[in-house]
Amino acid sequence: MLHDLALVAPQLILLFAALFTLVVDPFLHTNTDARRFWGWFGAAFAALAIVAAALLWKFGPFEMQTPAFAHHISASRYSLFFVALVSLCSLVTHLASPRYLVEQGASYGEYYALVHFATFGMACMVAAESIITLFMALEIMSMSVYVLVAFKRGSVASVEAGMKYFIMGSVASALLLYGTAFVYGLAGSTNYIDIGRTLAKPIAGGDLWLGLAMMLVGAAFLFKVAAAPFHMWAPDAYEGAPTPITGLMASGVKVAGFAALLKFVYAGMAGPAMAAMHQHLPHILATVAVLSMTVGNLLALTQRSVKRTLAYSSVAHAGYILLGCVAYVADPTLAGYQQPSGAVPFYLVGYALASLAAFAALASVGKNGEELTGEGQLIGMGRRHPLAGAVLGLAMISLAGVPPTLGFFGKLQLVRDVLGVDGGKYLPHVVILVLNSVVSAYYYLRVTVYVYMRPEGRLPREYVRESSLDWAMGLTAAGLLVVGALPGRAMNLGLASVATIRTATATSHLAYERLAPGAQKTAAPLAVAPADAAAAQAKAP
Amino acid sequence: MMTQDWLQVASTSGFPLLTLLTLLPTAFAVMALLIPGDQPWAHKALGLCGSVAVLVVALATFGVVDTSLVGLQRVDDFSWISALNARWTLGIDGLSLPYVLLTAGLTPLVFIGAWSAIEVRWKEFTIAMLVLETGMLGSLLATDLLAFYVFWEVMLVPMYLIIGIWGGKDRIYATVKFFIYTMFGSLLMLVAILYLYHKGGGTFALHDLVAVTAKLSDKEQAWLFGAFALAFLIKVPVFPFHTWLPDAHTEAPTPGSVILAGVMLKLGTYGLLRFAVPLFPSAMGRFSWVLVTLAVIGIVFGAMMAYVQTDVKRLVAYSSVSHLGFVVLGITIFNEEALQGAILQGVNHGISTGALFILVGYLYERRHTREISEFGGIAKRMPVYAAFFVFVTMSSIALPLTNGFVGEFLIFAGAFKEGIQSKILFNATGMSWRMVVLIGTGIATLGIVLGAVYMLSMVRRVFFGEITKPENLRLHDLTLRERLIVGILCVFMVWIGVKPAGWLKLSETTVHAMVAPIRPQILQVRAPADYDREMKAALRAAHPMAAVTP
């Protein structure tokens, strides 16, 4: 039991922070201004969760999945990587929030508790080992975010956004539940490993039901990550939500969605019974990816509010990441024999940091209950608030994928890995991605044009200043530049994290199918060093 | 097939001199970041100190490079991104050395010139300029394709800001156009780089990839060459990809125009020479006629467009299109004379056009207009300025004893030699390379005449005649600082014009070593009969006895 608890230490830290905030806050007889300290408190606990994840990574034998609580949740390098990433999103959100909330007249303690709950949900989602955990974690995250979106009680736009997001999100949750029900019906278990074992043998007539299940689950996840054609909620929700929460939605929710999706597909749905479907999956993913990036970019061009622009840009980025997923699922047996690709985790780091930076910078413009995030309202920002202007500009450059920022290297690795699939089979998709980047550069640049280049009017604008907000912007900007200049280490971390689920899947399959005598032995080295995977693959029959 | 020795490592170094040279400007940019923005004098001083320090390091590099050696020298090779097998590989040879010196030399002059041209936001300007210098030097030194690409793109953002923040009235349109155009070209090049990377078994190293490309099919080579060439031709820019240039040049502040014309355009031709042609020589052979045609159209079209401009700066911008057509022509011909001419002409254009932009900037600072019709007779009020301007004009239109003459002469000498010696009438595609070269070069010669026409007519309208506008009566002549900047550039114009031998020697060995393996591969495709003839001649030269007894 204690061992199990240790494995989920980061999640427990987040949960404790949430409960502590919730319980203690009502007893604080202070004014709203003083509640800003919850921002620092939350950031500290998020940092603690990151440290815990890092320690587990360093000292635990997590090259393999280490299940806890009867295979309902696990710790692995994969989950730890993403737990650390969503905690980082939470950290920046906490730092960016306090002054913004005071200005918007919504400085309540529940806000911080809800951010913690949402992060807790995300952290459990990426570590889920069974359908039940996945669904519960997803709901904890979603419910918290629904409330947070509508948190500006006085603002009609905010409440409307929360309502829309809630209703459409509930449909998505229902789809997920329905889809996983089929899986349960076929496999007789909610556990990823058991599902994987059952699906290792072909099931008579199973293609139809599995296909239906994947379609429903896929739609639910596409909704959560705001990929076209399930992106309709994004612009309204992004625009109406409090700006730091928009940052959390763009970064944390998306990260958790993609991480959980990949893990579900890998760990649960990778068996040979799925072979027929997996032949089509890369094409389907690639098509949705192209659709999503094109739709997102074209619609972003027409927006005039930066928050809406970034909402559509997040649809486009969901498309890029989906194309990156092709590099994972293009191997029809999905047994992890291919050279693993660390593109998606690494891309998510870059995208999350850039989004957080952008929304933190935008959080500094709101004043007295107004958002002021229209493009025209950013004029002069570069001079009046140099830090926010520079960070916003840097975030745009990174989102556009221009070197030497992190966004470039994310896109680079993604394109590299997708091009490597089947000898350049996805070259047309990659070219479309690149052309999309050019289109997107136009609207990202437009933001910098307003920040730096348009002639300023006579009225000087005041900006919100707060040390925690400066920290939020400084941290994310430093991340974009420093990791951008030396991306090697982060890339290796991403690779190592993905290698765990790949090798775990490969091991269980090899062991189960008894492809060769001593299959366990063959598989064991895979787990230790991902680089050896290719060599081991060559030896495998 | 001969190996491309000129891309091999000739010498490594214990001290990472080239890394220092590349990152030093950024180090100064970081310092500028730490100084508050309300102290412009500090940033002016820092920018100058930084760029002079870079110049000193560049001269030290020049001191330790042995131009008689084949191959890349003082190579710094570190692991950079192990997950992608991308390396930090910087090396210098006779091809990059002239441009490194040009870049390092122009930047301090630009900083001094900017003291009056840039009035606000000195902090941002200093940072942008220094980061830009890192991008330019890195692009010139990197031989790892990914490192090169990163530096190539690093140039983009600072220049975007320089045009967009300190530029003229239509600066936003111009700078966004510049950014999007360039990014479009370079992203397609990135896809091509990654395609090559996979074909080469996961390496970005240029000398490894050169061996890989020969094994690709003709179709693949053509597409990849197209992607590389497009990126570079947009940057040069060659007709019909030039439309961003007049806007960007005209709207950019003087320092931006000088760097843009002086160095960044040259990086397009440098990229062709360093990457596109060595990687895909046979595709180059197939498309030589396209490049010659585009270059010649650019020469004539640029000159004609320059002639009808009413804005002096726009005129100079179009003259760049025309002048760089000569450079592309020389590169396409790809024999030793033409290449030497093309490399030197790149440097010449940087000096002469840079000087022209600086001079136009002086006028703009005084009158806040650049319309030719606003001037007339100002030689009477500004004799020194007029003298400098006329001198730089002479250099720009390639008067003998100025630098422009040497470069253009060599290009034409190489081109006519190629055309006259070419024996073939029609090659496999029904194209006569001899006719393409002779007709093309013939028309290009016309471009020189046109160059004289548009420049001299502009000079006449601006400087001579009666003073018609009362504002021009109050113009004051150049200050000492202004004279110093242009004076330094003029010294180099004369120096290269009168004694070009030393300058040509910088790149002589490299060009020789580059032509030897690449030219046969180009010729094989574009003029097979010439290929046979040159191969026999090379054999005779290598084995004199064999020639006597056939």
Side-chain angles (χ1 to χ4, degrees), chain A residues 339 341-343 346 382-383 386 389-390 393-394 396-397 400-405 408-409 411-413 415-421 423-424 427 430-431 433-442 444-446 448-450 452-455 484-496, chain B residues 26 33 36-37 79-86 88 120-121 123-124 127 131 134-135 138 146-147 149-157 160-161 163-167 171-173 175-177 179-191 193-199 202 220 223 227:
Chain A
Q339 186 72 25
S341 152
F346 183 69
R383 220 162 61 75
L394 181 68
M396 293 300 130
I397 295 293
V402 177
T405 56
F408 165 72
F409 289 100
K411 219 169 256 176
L412 171 78
Q413 200 192 15
V415 167
R416 181 196 77 144
D417 289 352
V418 176
L419 263 186
V421 172
L427 182 63
V430 166
V431 172
L433 183 152
V434 159
L435 296 179
N436 261 297
S437 295
V438 179
V439 173
S440 75
Y442 180 75
Y444 291 129
L445 286 185
R446 203 169 56 195
T448 63
V449 162
Y450 280 96
Y452 277 110
M453 298 174 189
R454 291 265 174 206
L486 296 165
R489 180 142 181 78
M491 280 183 180
N492 287 335
L493 288 179
L495 198 59
Chain B
T26 304
L33 195 64
S79 175
W80 177 34
I81 309 174
S82 57
L84 304 175
N85 193 19
W88 177 270
V120 290
R121 299 203 203 175
K123 178 177 180 171
E124 286 91 340
I127 294 172
V131 172
T134 287
L146 187 68
Y149 182 82
V150 169
F151 284 123
W152 176 263
E153 292 280 88
V154 162
M155 292 189 296
L156 211 51
V157 176
Y160 163 76
L161 291 174
I163 301 175
I165 296 179
W166 295 277
R171 60 185 185 277
I172 293 169
Y173 169 76
T175 197
V176 172
K177 190 171 174 182
F179 194 103
I180 302 268
Y181 250 83
T182 320
M183 191 179 175
F184 172 75
S186 25
L187 275 172
L188 289 178
M189 177 169 75
L190 179 67
V191 176
I193 288 176
L194 286 168
Y195 191 88
L196 269 183
Y197 167 89
H198 283 297
K199 289 288 169 187
E220 279 171 315
W223 278 104

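Numbers restart at 1 for each chain; the letters A, B, ... are given by sequence-line order, proteins then strands. Because only heavy atoms are used, hydrogens play no part in the values below, and waters and symmetry mates are left out as well, while side chains stay in.
Residue A:Ala390 does not touch chain B at all, counting heavy-atom pairs closer than 4.5 Å. Heavy atoms of B:Ile165 lying under 4.5 Å from chain A belong to its backbone as well as its side chain. For A:Phe409, the part lying under 4.5 angstrom from a heavy atom of chain B is the side chain only. Proximity to chain A is limited to the side chain of B:Leu146, based on heavy atoms less than 4.5 angstrom apart. Heavy-atom distances place both the backbone and the side chain of B:Val154 under 4.5 Å from chain A. For a residue to count as touching a neighbouring chain, one of its non-hydrogen atoms must lie under 4.5 Å from one of that chain's; by this rule A:Leu445 touches chain B with backbone and side chain alike. For a residue to count as touching a neighbouring chain, one of its non-hydrogen atoms must lie under 4.5 Å from one of that chain's; by this rule A:Pro386 does not touch chain B. Contact of B:Ser186 with chain A is not made at all, since no heavy-atom distance falls under 4.5 Å. Proximity to chain A is limited to the side chain of B:Tyr197, based on heavy atoms less than 4.5 angstrom apart. In this structure, the portions of B:Tyr160 lying under 4.5 Å from any heavy atom of chain A include both its backbone and its side chain.
In this structure, B:Phe184 and A:Val438 approach most closely via the heavy-atom pair CA-CG2, 3.8 Å. For the pair A:Arg416 and B:His198, the tightest heavy-atom approach, listed with the atom from each and the gap, is O-NE2, 2.5 Å. Pairing each heavy atom of A:Pro455 with each of B:Arg171, the nearest pair is CD-NH2, 3.9 Å. A pairwise comparison of heavy atoms in A:Met491 and B:Leu84 identifies CE-CD1, 3.6 Å as the closest pair. Nearest heavy-atom pair across B:Met183 and A:Ala400 is CE-O, 3.5 Å.
Here the CE atom belonging to A:Met453 is positioned 9.0 Å from the CD1 atom belonging to B:Ile163, to the nearest 0.5 angstrom.
Under the 4.5 Å side-chain criterion, counting only non-hydrogen atoms from C-beta, B:Ile81 is not in contact with A:Gln413. In this structure the side chain of B:Leu190 never reaches within 4.5 angstrom of the side chain of A:Val415, judged on heavy atoms. Within the 4.5 Å cutoff, no side-chain heavy atoms of A:Leu435 are placed close to those of B:Leu187. Counting only heavy atoms from C-beta outward, the side chains of A:Phe408 and B:Tyr149 approach each other to under 4.5 Å.
For B:Trp88, the CH2 atom sits in a packed shell: over 12 heavy atoms of surrounding residues, nucleotides or ligands are nearer than 6.0 Å.
The candidate from A:Pro403, A:Gly393, A:Gly488 with the greatest count of non-hydrogen atom pairs under 4.5 Å with chain B is A:Pro403. In terms of non-hydrogen atom pairs under 4.5 Å with chain B, the most contact-rich of A:Thr405, A:Val439, A:Leu412 is A:Leu412. With chain B as partner, the option from A:Leu419, A:Asn492, A:Val431, A:Leu486 having the largest number of non-hydrogen pairs under 4.5 angstrom is A:Leu419.
Applying the side-chain contact (heavy atoms from CB on, under 4.5 Å) rule to B:Tyr173 yields the partners B:Lys177, B:Asp247; only residues at least two apart in sequence or on another chain are considered.
Panel note: side chain B:Trp80, backbone A:Ala485; a donor-acceptor pair is recorded below 3.5 Å.
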